[in-house]
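Below is one structure, written out as structure tokens; the observations come after it.
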Amino acid sequence: MELIYRNGRMTAVDIQEGLPDRLANSGVRTLLSILERKGWLLHDEAGAKFVYHAAKPREEAAKSALHGLLHTFYDGSLGSLVATLVNDQEVRLSHNDIERSRN
């Protein structure tokens with residue numbers, strides 16, 4: 001999905017070439033089919049090719065993914081999620097991040 005959001009519209013071959021770890025063409029097409037079935041992707045036909053694009057705005061997808069993460073790993077506890085982020089040595093919160101979180 002990151003590739004789609006960054007580039008807009010892409011074929012399966014474009015996506016395959018853009019992945020850091022090359023997946024087989026059949027694997028890419030399977031993932032695209034799953035994402036389309038789940039409502040995250042749509043496709044248009046350009047000749048014999050499918051051109052995929054996001055079905056939902058990036059912000060909506062991010063919100064949905066965050067809710068899934070919250071419920072799957074933190075039993076819906078926002079406090080536990082925030083505590084994990086605050087205590088993670090690899091996550092650096094800036095003063096601006098902290099101020100934005102208060103709004």
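Residue numbers start at 1 and run along the sequence shown.
One finds the OG atom of Ser26 at 9.0 Å from the CD atom of Gln16 (value rounded to the nearest 0.5 Å). The CE atom of Met10 sits 4.5 Å away from atom CG of Asn7, with the distance rounded to the nearest 0.5 Å. Atoms CG and OG1, from Leu81 and Thr84 in turn, are 6.5 Å apart once rounded to the nearest 0.5 Å.
By the side-chain contact (heavy atoms from CB on, under 4.5 Å) test, Arg6 is found to be paired with Glu2, Leu3, residues two or more places apart in sequence or in another chain being considered. Annotation: side chain to side chain donor-acceptor pair (under 3.5 Å) contacts of Ser77 (sequence neighbours excluded): Ser80. Residues satisfying the side-chain contact (heavy atoms from CB on, under 4.5 Å) criterion with Asp75, sequence neighbours excluded, are absent altogether. Annotation: side chain to side chain donor-acceptor pair (under 3.5 Å) contacts of Thr72 (sequence neighbours excluded): none. For Leu35, the side-chain contact (heavy atoms from CB on, under 4.5 Å) partners at least two apart in sequence or on another chain are Met1, Trp40, Leu41. Every residue two or more places apart in sequence or in another chain that forms a side-chain contact (heavy atoms from CB on, under 4.5 Å) with Asp44 is listed here: Arg9, His53. Partners of Arg58 under the side chain to side chain donor-acceptor pair (under 3.5 Å) rule, at least two apart in sequence or in another chain, do not exist in this structure. Take Ser33 and apply the side chain to side chain donor-acceptor pair (under 3.5 Å) test, not counting sequence neighbours, and it matches no residue.
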Q: Test Val86 against Val82 for side chain to side chain contact (heavy atoms under 4.5 Å, CB included), laying out the working first.
A: CA-CA 6 Å; Val86 168; Val82 170; 4.0 Å; yes
Q: Decide side chain to side chain contact (heavy atoms under 4.5 Å, CB included) for Lys63 and His67; before the verdict, give the C-alpha distance in whole Å, the side-chain angles of both, and the deciding distance to 0.1 Å.
A: CA-CA 6 Å; Lys63 188 175 180 178; His67 281 278; 3.7 Å; yes
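Ring orientation note: the planes of Tyr52 and His43 are tilted relative to one another, at an angle of 30° to 60°.
The salt bridge (Lys or Arg N to Asp or Glu O under 4.0 Å) contacts involving residues 21-43 comprise nothing, where partners must be two or more places apart or lie in separate chains.
Ile34 forms part of no hydrophobic cluster, judged by ILVMFWY side-chain heavy-atom separations under 4.5 Å. Clustering of Ile, Leu, Val, Met, Phe, Trp and Tyr side chains at separations under 4.5 Å leaves Leu42 isolated, with no partner residue. Here Val13 is tied to no hydrophobic group at all, with no ILVMFWY side chain closer than 4.5 Å.
Counting heavy atoms from C-beta outward, Leu31 and Ile15 have side chains that stay 4.5 Å or more apart. Lys49 has its side chain out of reach of Glu45: every pair of non-hydrogen atoms, C-beta onward, lies at least 4.5 Å apart.
Nearest heavy atom pair, residue Ile4 against residue Ala54, reads CG2-N, 3.4 Å. Summarising the geometry of Ala55 relative to Gly39, their closest heavy-atom pair is CB-O, 3.3 Å, with the distance given to 0.1 Å. Taking all atoms of both residues into account, the shortest heavy-atom contact from Tyr5 to Pro57 is OH-O, 3.6 Å.
In this structure, the side chain of Asp14 engages the main chain of Thr11 through a donor-acceptor pair within 3.5 Å.
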